[in-house]
Amino acid sequence: MKTNYIFRKTLLLALLFSFNAWSQTTICQWNFNGTSATTVPGGETSPTTSLGTGTAQLVGGTTATFASGVSGSGSSDTVLTSPNNYGWNTSTYAASGTENKQRGVQFNFSTSGLQGLIFRFDQRLSNTSNNTYIVQYTSDRTSGSITWTDAQTFSLPQGLTSTTGGDVWHNSRSVDLSTISSLNNNPKVAIRVVSAFDLGSGNYLSSTGAANTPPYSYLTTGTVRYDMVTITANSVLAVSKFENTKNNFKIYPNPSNKELVQFNQSQNISVYNSSGKLVFNAKNTMTLDTKTFMAGVYFIKTDSGITTKLIVK
């Protein structure tokens, strides 16, 4: 009787851990923290991720520094000291009436083996910054003529004061992209947040707040600060969806007993585990040594777009 109980308990735990491995996954995150404003990893133009793999860049002439992540009510970052907790502080936005949706910040990443994107970020607007920002996405950031699609607009009406307008953090802004199938299992995804004309006026309007009487005048030197930029996936793709059924790329032996796996053609490969984490890549290879791989399911993706499941015992 005790043996049956232990077996059932072990099975339940195995199912629980299996479920967790296939639930929400953090693809990448930027917290912009460092020991000083000049030592944040990656620097002002392309800060590096604090979790996962991705790149960040400025868009359309925008400039940046690093500034406190705790001032003005503070971002959602759990680090509560300044220095150490910084935000990406952007400025040099477009002149009034020009460059609608052309200046801001951009985040590049891969969703290989993953689906159901959610984009979250904290944003702090100075009183003279623009009041309206649009989150856009593309399924091919490498295209010679990138197509950006508006996903969600965040706008503050003029006349707000105190903690609801400018000079404070607006935390955990969230954009659900889980229904956009073109962003699933795609190594070329990018999301950007750009300054946009106010929908009512057709021009830039200042963010408002603090102790003075609004509205303020919009200035190109107004600042927009970002923190805790996080991109997650709801789940790992099911094997039936992740594999390419028209696959001419063959691997053997499969399953592998932690041995050298052979390919029938030379390829540039990236290997992901069942959580969508990149564990290995190589160029122009016809073999993969799985000796150091943990037992489990892996996905081999080639530069030509073929994806094949590999089981390591």
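Source: prediction; values computed, not measured. Hydrogens, waters and symmetry mates are skipped; everything else that's a heavy atom, side chains included, is used.
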Between the side chains of Lys258 and Asp289, is the shortest nitrogen-to-carboxylate-oxygen separation below 4.0 Å, so that they form an ion pair? no
Which residue in the set Thr232, Leu114, Ile118 passes side chain to side chain contact (heavy atoms under 4.5 Å, CB included) when paired with Ile27?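 Only one of Thr232, Leu114, Ile118 forms a side chain to side chain contact (heavy atoms under 4.5 Å, CB included) with Ile27, namely Leu114.
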Are Phe299 and Tyr272 near enough that their ring centres are under 6.0 Å apart?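 No; Tyr272 has its ring centre 6.0 Å or more from that of Phe299.
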With side chains defined as the heavy atoms from C-beta onward, is the minimum distance between [X] and [Y] less than 4.5 Å?
{"X": "Val105", "Y": "Thr62", "result": "no"}
{"X": "Ser206", "Y": "Asn131", "result": "no"}
{"X": "Thr285", "Y": "Gln267", "result": "no"}
{"X": "Thr223", "Y": "Ser129", "result": "no"}
{"X": "Ser172", "Y": "Arg120", "result": "no"}
{"X": "Thr65", "Y": "Trp88", "result": "no"}
{"X": "Ser46", "Y": "Gln57", "result": "no"}

Is there a path of hydrophobic side-chain contacts, each under 4.5 Å between heavy atoms of I, L, V, M, F, W or Y residues, that connects Phe119 with Trp148? no
Kindly work out whether a path of hydrophobic side-chain contacts (I/L/V/M/F/W/Y, heavy atoms less than 4.5 Å apart) joins Phe121 to Val59. no
dist Tyr86:OH -> Asn33:CG (nearest 0.5 Å) comes out at 9.0 Å
List for me each residue that meets side-chain hydrogen bond (donor to acceptor under 3.5 Å, both in side chains) alongside Glu44, sequence neighbours excluded, and say none if there are none.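 With neighbours one apart ignored, the set is empty.
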Under a 3.5 Å threshold, yes or no: a donor from one side chain and an acceptor from the other, between [X] and [Y]?
{"X": "Asp176", "Y": "Ser178", "answer": "yes"}
{"X": "Ser75", "Y": "Asp227", "answer": "yes"}
{"X": "Asn186", "Y": "Ser139", "answer": "no"}

